[in-house]
Amino acid sequence: MSKDRDPEKPHEKQYDEAAQGHCGSASPDTPSQQHPPPQQQSVQLDPAWGDPDKRPPGENALHAISYPRLSPEDLPVEAEPVPTMVPDPFDPSKMLDLSAADMPAFNLVDGTVTFVTDSDMPFVLYKGYNPNTWFYAPRWGRIAKNPNGEPAFMVTKKVRNNPDGSKTTLGGILSFMVELVVELPGDAEQQKWTNLIRTMHHIEPTGGRFNFQPLRLNPGRMNVSGLDMYARPGQRLKDIEVGASSSIAFAIELTPDGADHFAAMLGATPSPFPPQVAIMFDFRYQYLIPQCRIQAHGYKKKCYDYFSWNAKARASYFGLVNGAFEYQSVRADLRQQQAFDVSVIGQPPAGVELSKLLDSVFDQFVKLEVGQWIQADPKPVEASAPGGFFGGVSVAMKSVSLSDTAQFDQTMQFAGISEGLHQVSFNFEQQLGTFDPHKHLFIEEDDIKLPFKVLLSNSPLIKRILPSASYTTSTGPRSVQCNAVTGDGGFSEGVIQFTWPQQPTSADLDLLVDFVSPYIGYKYDQTLPVSKNGAAFAYYPDAYVQRMHAIFTDPVYAVDLRSRALFTWEWTPPAGSGPPRPRVAGNFLVGPDPNGNTFNLPTYDIIFPYNPSDWTGESTPKIQYKLQGLTGEWKNRTSSGTITLGVTALGISFDGSTAVGDSLAGPAAAENAEHDPDYRQRLTAMFGPPPSKGGAYSSSGGEGHAPGSGFIPPDHLGHPGIEVGEVPPFKLGYKPDVQGGEPSLYERELIAQVHAQHATAESRAAAAAHPADYDLRNVYGYNYITPVRNQGNCGSCVAFGVTAAVEGSLQVRRNDPYLNPDFSEAHLFYCHGVAQGRSCGNAGEANGGWWPSGALDQWYWNGVADEGCFPYNYPASPAYPTLPCTACWDAQSRATKISTYYVLSNPDDMKSWISSGWGPLAACFSIYQEFYNFFQTNTSPSAIYRKSNSPGTLYGGHCICVVGYSDYDQAWICKNSWSTAWAASGFFKIGYGQAGIDAYMWGADIS
């Protein structure tokens, strides 16, 4: 598995001028002195940057790179129409009508602007990326109402009559329903919101009013306070998974003391007291902040002390009762006291107002980090006191030991989609108001009757649910009849009756669930334990509904706004004892934002119900999906994969899929296991290549962070995404540094096409300045190109293409075809590349591949050792991970560095560079299926690849070394890194302007 090399060639050859430091100037008789460099170069090097002692602190990039870009007139004039019918990718015998396909929404929250609310608003407002769009989400819950308009709660107390006339409390049940959605805002309320946004952020709406839409919340978790000492052991009251439903039902078994306590509160005279219960709901939503780095700093103890004595500040951030104006005063206090603040490292994102961005990140950090010091307090609160408005939960500080010197010192890296925390509070006492205790307290004193209660949460997908139950007594089986409940949810009650002492120990519950069209209903069975207090069951239909938010990330880098792709999915229910159930499927069209806002990403919700019995853990059938490019730059691109039930948000692209946020461990109502302390928290994921270690330029980014790092404190890192899709026959590894300003593969192809189409008389005149044909393998019979290598099962082609260009350039500049330098691609990729966050891109690895400017930066700043220091090997198969850095101990002293490098964006300059004594060039291009097919059968040195109108699957980008050209053939001569067994002994020709090959190339200056 080693690189193909000549066994006779020594690997330890040293180069006197190049052995250490930057290479010096060429001697007078070198080719570079005989032939001046091309006059047109796309990058001008700042001389101060060439001196390591004068470069800006912390910068690892050699210089700011300028890449050619397309102008609007260079885009295709005629947009390819979207086809009317296409084959179903899951069943090719069927056709899909694209005119009936759903269209995605654009509903990501703009994370650069903090939210807006007021003390008497039941909603929080979040700015969207769509022009004029704001989203609203509830701040607090309230008690639901039954059909009679009464509060939907009940305290059941079970009492046994003793022979001596005394009574013994056996326990009880507290049941209630909480609504998380209040009345939708009317015109007057929306106008009030518009004015508030104007005041807070000085943002003006279009047409006098903003467009307000409900915020899409992911299923979250709830924490119940006030019941710990009253609930029977074994019931989860903390960190409970809940869906983002409009209503949530509770049924909690009480201890005898608990039943007495709540019954006494309801029966108190002259005024009854409601249960003192508080609930905090933590939901997640997706937001996006363009690439930037933000530093959090301040003293933890000062921050802790501030929130300890300032109850109003606690109430604003965590009791959810005050308005956005309170947040302003809290920020000002914390900044003034040096307790906490945030600042941007480097430059803020373009087009973003810095003060709004810092306030937004400030609030997010306080919510997540300071929130760990907060605990809910269910005790009664006065309406005039902080925490007492509109159902807000009173909050207290946990006891935390902090030193005076403990500081916030965390760097937040934003580079894509992240998850924000949205909290909803509920305080039983504040929400209940006046009530008739006789309608909400039930005391059961009959020894032979037990209550059977079913609480059914609401769901917009439900038409009706009919519960029934059966149990066995000494006299035979008996049934429990219950009332049907509509999709609005509610209570259904019955009675379990028996002859003492033959109490049944269990009851078999049957739920007939009927859905609205087009969903198919099901029957659900479950055995319930019957205790001395009866039996209770809370059923959450939405817990058995797959709700996944699909976010499509390719439009971020789309150049052609008329590009379209078809996303199709299907889920096949598992086979059961009943008749087979039909598959569930859907499809919709994906396209960039028509206004060109790259951060306004298209989204779509996949929603369908399933039978609770379908959930079998890891063996549960997965959702299959396919993404098929139809027009524009996405044409002929495909991707496919699977989605696990319970995933709530997924970033999808042609490169694969990445989970965004928590995935549910299973249906919430069926999850009874203890909470896993290692359960993924604050998981975020980003799309595209993350910045590598170093500066903020195109060839390097910020401080190294784990893949998938959005807003993640260092101790809460998430998991990287896994790329899926078709596997190419040979390993690729070129990923354009699009976040650093480099064009995408599609734009590269268009740039190369423009170069070919704009071959004017001036360019033909310029061509006369260089030979019509030039091949560095045969310059007056001498070969200045080093042998072909084999990158193997690793996406390290950038390291090979760049190193081949440096080796060839060294021989040309020295005018010595027998120098035969051999530098270590392993040192460049496994050491320098991996340190920048890159990998081979094998199974399970994120950030596969690299870009040439990043590799050339390493050649300049750190240098590359000889092959003998670190011989190249590659993983045994694509299933094996990237190899570790095992360079020799003196690699630094054996490293060779380049003087500088350039990006050439004119094909005539590329030819002049090659033919005028500078050497070969590194170049990259798009690889389609037909490229593999072409050179599988065409091994002649004269074979020339030209992309057809039907090139097949686009597998990705690949980097090679351009060693010559032929104007006669209208083609570039290239050296590949797929061994000498491929094509013409490892070399091949590709036509001018084909697949992005000459959009721009990289040249290294080395003596």
Side-chain angles (χ1 to χ4, degrees), residues 102-118 121-139 181-218 244 283-290 323-324 349-353 355-357 359-361 363-364 414 416-422 547 549-553 555-556 558 561 588-605 607 649 651 660-661 710:
D102 294 322
M103 296 300 294
F106 294 88
N107 57 5
L108 275 183
V109 169
D110 183 352
T112 66
V113 178
T114 192
F115 54 83
V116 171
T117 189
D118 205 358
M121 280 176 55
F123 292 103
V124 177
L125 307 178
Y126 297 89
K127 184 180 180 297
Y129 268 105
N130 254 355
N132 219 47
T133 296
W134 284 75
F135 302 105
Y136 59 85
R139 296 176 68 194
V181 176
V182 296
E183 288 80 6
L184 299 182
D187 290 343
E189 187 73 9
Q190 292 189 35
Q191 188 60 55
K192 181 180 177 181
W193 292 357
T194 297
N195 295 335
L196 183 61
I197 294 170
R198 282 172 166 156
T199 303
M200 290 296 304
H201 291 309
H202 307 290
I203 299 175
E204 289 297 323
T206 302
R209 181 181 298 177
F210 293 105
N211 174 27
F212 295 102
Q213 302 177 12
L215 177 66
R216 200 275 189 191
L217 295 173
N218 286 337
F283 296 107
R284 302 287 173 164
Y285 65 92
Q286 277 75 50
Y287 70 89
L288 188 145
I289 294 179
V352 171
E353 190 171 335
S355 61
K356 289 186 174 66
L357 171 63
D359 285 349
S360 177
V361 177
D363 292 341
Q364 292 179 48
F414 295 94
I417 302 173
S418 301
E419 275 205 317
L421 173 66
H422 176 78
R547 280 186 169 86
H549 198 45
I551 306 170
F552 297 89
T553 59
V556 170
L561 300 183
F588 54 94
L589 289 173
V590 179
D593 176 63
N595 298 313
N597 187 344
T598 57
F599 299 117
N600 193 29
L601 298 179
T603 62
Y604 187 83
D605 288 338
I607 302 175
V660 180

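Starting from 1, each residue takes its place in the sequence as its number. No hydrogens, no waters, no symmetry mates; every other heavy atom, side chains included, goes into these values.
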### Query
Would you say Trp134 and Val113 make side-chain contact, with heavy atoms under 4.5 Å?
yes
### Task
Starting at OH of Tyr285, measure out to CG of Leu217 and round the result to the nearest 0.5 Å.
9.5 Å
#### Entry: Flag for Thr603-Asn107: side-chain donor and acceptor within less than 3.5 Å
yes
### Task
Check Gly208 against Pro205 and note the closest heavy-atom contact, atom names and distance.
C-CG, 3.6 Å
### Query
Closest approach of Tyr604 and Pro104, non-hydrogen atoms and distance?
CD1-CA, 4.2 Å
### Task
Rounded to the nearest 0.5 Å, what's the gap from CG on Leu561 to CG on Asp593? Could you check?
8.0 Å
### Task
Compare all side-chain heavy atoms of Met103 with those of Pro602 and state whether any distance is below 4.5 angstrom.
no
### Query
So, Arg139 side chain and Met121 main chain: donor-acceptor pair closer than 3.5 Å or not?
yes
### Task
Quick one: pull up CD in Glu189 and OG1 in Thr194 and give me the separation to the nearest 0.5 Å.
10.5 Å
### Query
Say you draw a straight line from NE2 of His549 to CD1 of Ile607; how long is it, rounded to the nearest 0.5 Å?
10.5 Å
### Which atom of Tyr129 lies closest to which atom of Leu288, heavy atoms considered
OH-O, 2.9 Å
### Task
With His422 as reference, evaluate Phe135, Phe123, Tyr287, Tyr126 under the ring-ring contact (aromatic ring centres under 6.0 Å, His included) test and give the passing residue.
Tyr126
#### Entry: With Trp193, the ring-ring contact (aromatic ring centres under 6.0 Å, His included) member among Phe210, Phe115, Tyr136
Tyr136
### Message
For the CG atom of Leu108 and the CZ atom of Arg216, what is their distance to the nearest 0.5 Å?
### Response
11.5 Å
#### Entry: Stepwise side chain to side chain contact (heavy atoms under 4.5 Å, CB included) check, Met200 with Thr114
CA-CA 10 Å; Met200 290 296 304; Thr114 192; over 6 Å; no
### Asn211 and Asn132: side chain donor to acceptor below 3.5 Å
no
### Task
To the nearest 0.5 angstrom, please state how far the OG1 atom of Thr553 sits from the CD1 atom of Ile417.
6.5 Å
### Message
Looking at every heavy atom in both Gly591 and Phe106, which two are closest together, and how far apart are they?
### Response
O-CZ, 3.8 Å
### Query
Would a 4.5 Å heavy-atom cut-off, applied to side chains only, mark Glu419 and Asn218 as touching?
yes
## Note on the structure
Closest non-hydrogen atoms of Val352 and Thr112, given as atom of the first, atom of the second and distance, are CG1-CB, 3.8 Å
### Message
If only side-chain N and O atoms count, and only distance matters, is there a donor-acceptor pair under 3.5 Å linking Gln364 with Ser360?
### Response
yes
### Message
With heavy-atom distances below 4.5 Å as the criterion, would you say the side chains of Lys127 and Ile197 are in contact?
### Response
no
### Task
Begin with the C-alpha distance, continue with both residues' side-chain angles, and end with the deciding distance and a verdict on side chain to side chain contact (heavy atoms under 4.5 Å, CB included) for Leu421 and Arg284.
CA-CA 5 Å; Leu421 173 66; Arg284 302 287 173 164; 4.2 Å; yes
### Message
Test your reading of the model: is there a side-chain donor-acceptor pair from Asn595 to the backbone of Asn597, 3.5 Å cut-off?
### Response
no
